[in-house]
Every structure is written in structure tokens, then in C-alpha cells.
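Reckoned from all heavy atoms, side chains included, excluding hydrogens, waters and symmetry mates.
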Amino acid sequence: MLQNARVLRSEFVPTELQHRDTEQTALTEALEPLTDGDRADPIILTGPTGVGKTTLARFTLERLEEAALGLQTAVVNCWQNHSPYRTLFRILDELGRTVDVHRQSTPQDVLLERLREFDDDCVIVLDEADQLEDKSIIYDLRRMPQFTLVLIANREQDLFAGLDSRLRSRLQGTQTVRFEPYGVDELTAILEARADAAFGHPEAVSTSLLQEIADAAAGDARVAITMLREAAKTADRDDRNQLTRADVDAAIPEGRQTVRDETVESLKPTQRTLYEIVEAYVDEHGEPMPPSALYDAYEEAADDPVGNRQVRRHLNKLEHYELIAIRGSSRDRRYALPDTDASQ
DNA sequence: CTTCCACAGGAATAACAGGCAC
DNA sequence: GTGCCTGTTATTCCTGTGGAAG
């Protein structure tokens, strides 16, 4: 039944965006000067996950590249490239300027120098910019006149946290486009469009089933599309050309799990061990985990355990990735799972 | 009130791995 | 190969915090 599975990938950029008109207009207008060869001011996109921030940025850049000849773009995910070095490397990579830059043995200063020498107009999108380990590279990039910055973050305050005060005051004046979670109807419409493109025939899935998925996804399009993909995979495997309620009901928890697994996959072994320990403890006891129990369990589980301090560093990373939640200070510190509450 | 304890997290430093020049 | 860069991860040492025990 799957005619075009590609459109069910969450990173797929559709040819038409739905329910993001005001955001789209705002971003397009902010980048307008580039079509005349001028530099545009930085712009910030904020909102929870799965509301189309990244998709809109990519979508808009594609249009812009058609309108402004010679304009270059670089989209970098700072979650996956959180060290300053990696981020700079990725930007150069996106711009095709890594030819004579050798991984690992080229100092960060040289990467910055390469960027400084770059002489075409260019839009740099820092996706998940709040995850940057060292945000001073935002400052460095901003000072280079050929670059226009688009900063994407879940919450504006996370982006500003850890920013140099000079830069903060400058960025505070910049335009922010805020994305709200999709409503059930909006999400259903998005799913409908994807379903039509993915399955050659319109009766493959009923609107009410899509509505059910949209409702379960709580405004997160990435989760919703993943759920639809899981359901489609099941039907495809059984060689059916229609999605059943059973497919959908099974896909709802699966889709959620898949999204989480994708994150856990990218963790380093130590981090994954720690995450699994916290997850297992909370599952079993139904309450957050106290530090001593966590350290003991970790030393038990790891074959070559890392030191106390390093464990804490990894736990902070996990919190950053929103895989665990850290509550309380000093004595009553507890490690929990983040509340999957989408009402923010 | 002082002391102790469990814990957090900063700073300096070391160990390591990839890549380059020789 | 050796030596020398680099970024990354881990260790060691340290100071600070806040509740509990004395």
C-alpha cells in the first residue's frame, strides 16, 4: 500500500505547509533583505517539539534560495553537534568548505577563520541552539557580516541562559516567532495530506483514525507522523491496503516509543546505562530515584564504571536532552523521568 | 548553634584517539 | 614507525549548599 514512504519520515519537507501561515510570513519577511543582497537581522523561532520550526525553516530557505541567487544556507542541529568545534565543522561542511579542513587535527580557531573568510551571503540555521555547550559561537557568527542567523529553540529563556550579557541584550531586541502546538484538527489535516501522498489511494485510512492519532500525539507532529508510519508499516507487512483500528491502536504506543528510542540510540554507552537505570527504577518504584541508589546501581551495572563526578556530568546531559528530570538540590536531589505533559 | 553528611558542580589536569608531518 | 597537534572524556581536588544530628 505504501506508494511513497518518504513522506512519512518526520524530516520530510512538504511542498506546502499547513497552518503555519503567520509564522511563514514572519520568517519570510524577516529574511526579505537577502533577496536584495542585504544582510537580514537575526531571528529566533521558539516553540515545543514537533510544531514545525525546523520544517518551516527548511521550507523557507528552499524558497529563498530560488529568489536570491547565490545565497548559501547551512542548517545545523546543535543537539547532535553540541560542542563548538562540531557546530563550526558542520557549518563549514554544509557550505562545502571542509575540503582542506581535516577532522580532529584542525584547531577551532582555524575553523572560525575559514568562516570569516567566507564571502558569499549565507543563512545559518542553528537548530536546537539552546543545546549549544558554548554559546559564544553565536556571538562569533553574529559578528561576521556575511551571515544571517536563524536560531531555533524550545524556549527563549533556555537560549538566553548562558549567553554573554552583551549578546543577550542585543538578541533580546530581535524578532521572535513563537509556535503554538497544533490543535487536533490541524494535526489531522497534516496527517491527511501525508497519508494521501504516502498511500496512493484516499480510502487507505479514515479521517476518524487520523483524528485518533492526532489526539494521542498531543500537538506534536513528529510523534503523530511517526505513529502513522508505524501503523502503515504493519499494514504494509500484512499486504493490506487499508489501515485498521488495530493498526492504529498498536502504533500509538509504538510511535511514542520509537521517538524516544531514536534519542536513546544516539547516547554514549555510559549515558544509556544511566538512563536505563533511572527508567527502570522509576518504572518499578513509581517514584524518583535518590542519588545514592543511582550511583550504586550504576557501579553495579557498568563493567568499567566511570567516576562519581563524571556520572553527574552525564546526568546533566541527560537532563539537557530531556530524557530525565532532575529535582531538588543537595540532600533531597532526585532523578526522575520528565513529565510527558504537553500542556506548555 | 555548631558539626556532620550527602550531594552538586567548578577548575585543573591527565588519558586517549584520530589525523598529519616527518 | 615517532612526535605533535587536536577535541573529547574521565579523574582528581576542591568549594558550596542545605538538611539532620549532636
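- Both tests do not hold together for A:Arg90 against A:Tyr85: distance to the six-membered ring centre under 6.0 Å, angle to the ring axis within 45°.
- Under a 4.0 Å N-O distance rule, the pair A:Glu212/A:Arg245 qualifies as a salt bridge.
- Between A:Glu276 and A:Arg272, no side-chain nitrogen of the basic residue sits less than 4.0 Å from a carboxylate oxygen of the acidic one, so the salt-bridge criterion is not met.
- Distance CG (A:Leu318) to C1' (B:dG9): 16 Å, rounded to an integer number of Å.
- Using a 4.0 Å heavy-atom criterion, one finds that A:Asn308 contacts no nucleic acid atom at all.
- Taking atom CD1 of A:Ile326 as the reference point, atom P of B:dA8 lies 8 Å away to the nearest angstrom.
- For the pair A:Gln310 CD and B:dG9 P, the computed distance is 14 Å after rounding to whole Å.
- In this structure, A:Arg313 places its CZ atom 11 Å from C1' of B:dA12, rounding to the nearest Å.
- In this structure, the CG atom of A:Leu315 is 11 Å from the C1' atom of B:dA8, given to the nearest Å.
- Taking every side-chain heavy atom of A:Val306 into account, C:dA10 is the closest of C:dG7, C:dA10, B:dC7.
- Atom pair A:Leu92:CG and C:dG7:C1' shows a separation of 16 Å (rounding to whole Å applied).
- Nucleic acid contact for A:Arg333: sugar-phosphate only, since backbone atoms but no base atoms lie under 4.0 Å from a heavy atom of the residue.
- Between A:Tyr85 and C:dT9 there is no side-chain polar atom (N or O) within less than 4.0 angstrom of OP1 or OP2.
- Geometric assessment of A:Arg63 against the ring of A:Phe59 yields a positive cation-pi assignment under the 6.0 Å and 45° thresholds.
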Under the salt bridge (charged side-chain N to carboxylate O under 4.0 Å, His left out) criterion, do A:Arg178 and A:Glu156 qualify, and how do the steps go? CA-CA 9 Å; A:Arg178 294 189 175 77; A:Glu156 206 169 342; 2.9 Å; yes
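- Residue A:Arg331 places a side-chain atom within donor-acceptor reach of the base of B:dC5, judged by atom type and a 3.5 Å distance cut-off alone.
- Candidate nucleotides C:dT8, C:dT12, B:dC7 were compared by shortest atom distance to the side chain of A:Arg309, and C:dT12 ranks first.
- One finds a side-chain N or O of A:Arg312 lying less than 4.0 angstrom from the OP1 or OP2 phosphate oxygen of B:dA8.
- For A:Ser292, a side-chain nitrogen or oxygen approaches OP1 or OP2 of B:dC7 to under 4.0 Å.
- Distances shown here put every side-chain N or O of A:Asn316 at or beyond 4.0 Å from the OP1 or OP2 atom of B:dA8.
- When heavy atoms are screened at a 4.0 angstrom cut-off, A:His314 is found touching the sugar-phosphate backbone but no base atom.
- Distance A:Lys317 NZ to C:dT8 P: 10 Å, rounded to the nearest Å.
- Counting only heavy atoms from C-beta on, A:Thr270 has its side chain closest to C:dA10 among B:dC7, C:dA10, B:dG9.
- Distance OH (A:Tyr295) to P (B:dG9): 9 Å, rounded to an integer number of Å.
- Checking the phosphate oxygens (OP1, OP2) of B:dC7, no side-chain nitrogen or oxygen of A:Ser329 falls inside 4.0 Å.
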